[in-house]
Amino acid sequence: MSAKAHINPKILRWMRERGGLDMGDAARAAGISPDQLALWETGEGQPTFLQAQKLAQALHAPFGYLFLTEPPVENLPT
């Protein structure tokens, strides 16, 4: 059994929305079901570390962001 990555559901949702992805597109990009992603976003489930790494890659965000307590401040070019 793989160890669970205790990610922050609020940050996961922020990462997905930041990338402009809906639940289905984000799940497809990460190779999981939308239902599974929904459980992770509500905190009712936790991904394994490998699933969390794939998810961060699919959302084009650093893996470490999933463990933050608040979204980072990003200075994006305009």
Side-chain angles (χ1 to χ4, degrees):
M1 184 167 149
S2 296
K4 297 293 181 181
H6 297 281
I7 64 170
N8 183 335
K10 182 172 89 171
I11 297 295
L12 172 55
R13 190 174 316 106
W14 170 81
M15 286 171 59
R16 180 178 56 76
E17 291 172 351
R18 170 184 169 263
L21 298 172
D22 65 23
M23 191 77 65
D25 290 336
R28 196 170 16 265
I32 57 172
S33 73
D35 290 340
Q36 194 170 30
L37 181 57
L39 288 174
W40 298 346
E41 282 197 7
T42 61
E44 295 178 45
Q46 292 290 327
T48 65
F49 274 93
L50 181 58
Q51 289 170 323
Q53 288 171 334
K54 288 180 181 179
L55 187 57
Q57 184 177 13
L59 298 176
H60 305 287
F63 173 67
Y65 275 18
L66 289 168
F67 302 95
L68 296 174
T69 56
E70 294 293 327
V73 175
E74 296 182 311
N75 295 318
L76 301 175
T78 56

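For residues 25-35, every residue pair satisfying the side chain to side chain donor-acceptor pair (under 3.5 Å) rule, not counting sequence neighbours, is listed here: Asp25-Arg28.
Note on Phe49 and Met15: same hydrophobic cluster, where clusters join Ile, Leu, Val, Met, Phe, Trp and Tyr whose side-chain heavy atoms are under 4.5 Å apart, directly or indirectly.
Two residues are said to be in side-chain contact when any heavy atoms from C-beta on lie closer than 4.5 Å; Ile11 and Pro71 meet this criterion.
Residues Leu37 and Ala26 share a closest heavy-atom pair of CD2-CB, 3.7 Å. Closest approach of Gln51 to Gln36, counting heavy atoms only: NE2-NE2, 3.5 Å.
Residues passing the side-chain contact (heavy atoms from CB on, under 4.5 Å) test with Pro34 are Met23, Ala27, sequence neighbours excluded.
To the nearest 0.5 Å, the span separating CD on Glu41 from CG on Leu12 amounts to 4.5 Å.
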With a 3.5 Å cut-off and sequence neighbours excluded, list the donor-acceptor pairs that the side chains of residues 52-70 form with protein atoms.
from	atom 1	to	atom 2	distance (Å)
Glu70	OE1	Lys10	NZ	3.3
Glu70	OE2	Lys10	NZ	3.1

